[in-house]
K.L.:
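Before I ask anything, let me first share the structure, which is written out below as structure tokens.
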Amino acid sequence: IKDYAIYGNKFLEYIEMSTAVETIGMRSFNGVNKVRSITIESILTTLGEEAFNGMSELKTFVYTGSTLPTTTGNNVFPTNSIFVFSFVFF
């Protein structure tokens, strides 16, 4: 997913990613405020800076990949909300 792919989108409410996603670019989902849940069923290699930051309604993040992705910067996840962050390794 490219940098700024859906930055600031006001309509998206749920994000689920399949096995085809390896990289989530810088600020790809930053400011997408209606999303409350993200599920990633993929093996991510890279999370860009502030990829999910600014998502004020995000409460649940589930990642089922077998390895932790590297990050390319700071504030990958929201700093202004409390949410459940789960890694499920197989």
K.L.:
Strictly by salt bridge (Lys or Arg N to Asp or Glu O under 4.0 Å), give each pair with a member in residues 43-53 just once, sequence neighbours left out.
P.N.:
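Residue pairs with at least one partner in residues 43-53: Arg27-Glu50.
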
K.L.:
How many angstroms lie between atom CE of Met17 and atom CG of Leu44, to the nearest 0.5 angstrom?
P.N.:
7.5 Å

K.L.:
What heavy-atom pair brings Val35 and Leu12 nearest, and what distance separates the two atoms?
P.N.:
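Nearest heavy atoms, Val35 then Leu12: CG2-O, 3.5 Å.
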
K.L.:
Which pair of non-hydrogen atoms, one from Ala51 and one from Gly25, has the smallest distance, and what is that distance?
P.N.:
CB-O, 3.8 Å

K.L.:
What pair of heavy atoms forms the shortest contact from Thr72 to Gly48, and how long is it?
P.N.:
OG1-CA, 3.1 Å

K.L.:
Apply side chain to side chain contact (heavy atoms under 4.5 Å, CB included) to Val21 and Ile1, showing your working.
P.N.:
CA-CA 7 Å; Val21 177; Ile1 298 173; 4.2 Å; yes

K.L.:
Under the side-chain contact (heavy atoms from CB on, under 4.5 Å) test, which residues partner Thr39, sequence neighbours left out?
P.N.:
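side-chain contact (heavy atoms from CB on, under 4.5 Å) list for Thr39, sorted by chain: Tyr14, Glu16, Ser37, Glu41, Val62.
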
K.L.:
ring-ring contact (aromatic ring centres under 6.0 Å, His included) with Phe52: which residues, sequence neighbours excluded?
P.N.:
Phe29, Phe61, Phe77

K.L.:
I need the Asn33 CG to Met55 CE distance, nearest 0.5 Å.
P.N.:
8.0 Å

K.L.:
Hey, what do you get for CG (Asp3) to CD1 (Ile24), rounding to the nearest 0.5 Å?
P.N.:
11.5 Å

K.L.:
Would the distance check show the side chain of Thr46 and the main-chain N or O of Thr70 forming a donor-acceptor pair, the cut-off being under 3.5 Å?
P.N.:
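Side chain of Thr46 to backbone of Thr70, a donor-acceptor pair under 3.5 Å: no, none is there.
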
K.L.:
Of all the heavy-atom pairs spanning Lys10 and Gly31, show the shortest one and how long it is.
P.N.:
NZ-O, 3.9 Å

K.L.:
Looking at OG of Ser56 and NZ of Lys34, how far apart are the two atoms once the value is rounded to the nearest 0.5 Å?
P.N.:
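Taking OG in Ser56 and NZ in Lys34, the distance rounds to 11.5 Å.
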
K.L.:
What's in the same ILVMFWY side-chain cluster as Tyr4, cut-off under 4.5 Å, chained through other members?
P.N.:
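Tyr4 clusters with Tyr7, Met26.
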
K.L.:
From Ile15 CD1 over to Ile6 CD1, what is the distance, rounded to the nearest 0.5 angstrom?
P.N.:
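Ile15 CD1 to Ile6 CD1: 5.0 Å, rounded to 0.5 Å.
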
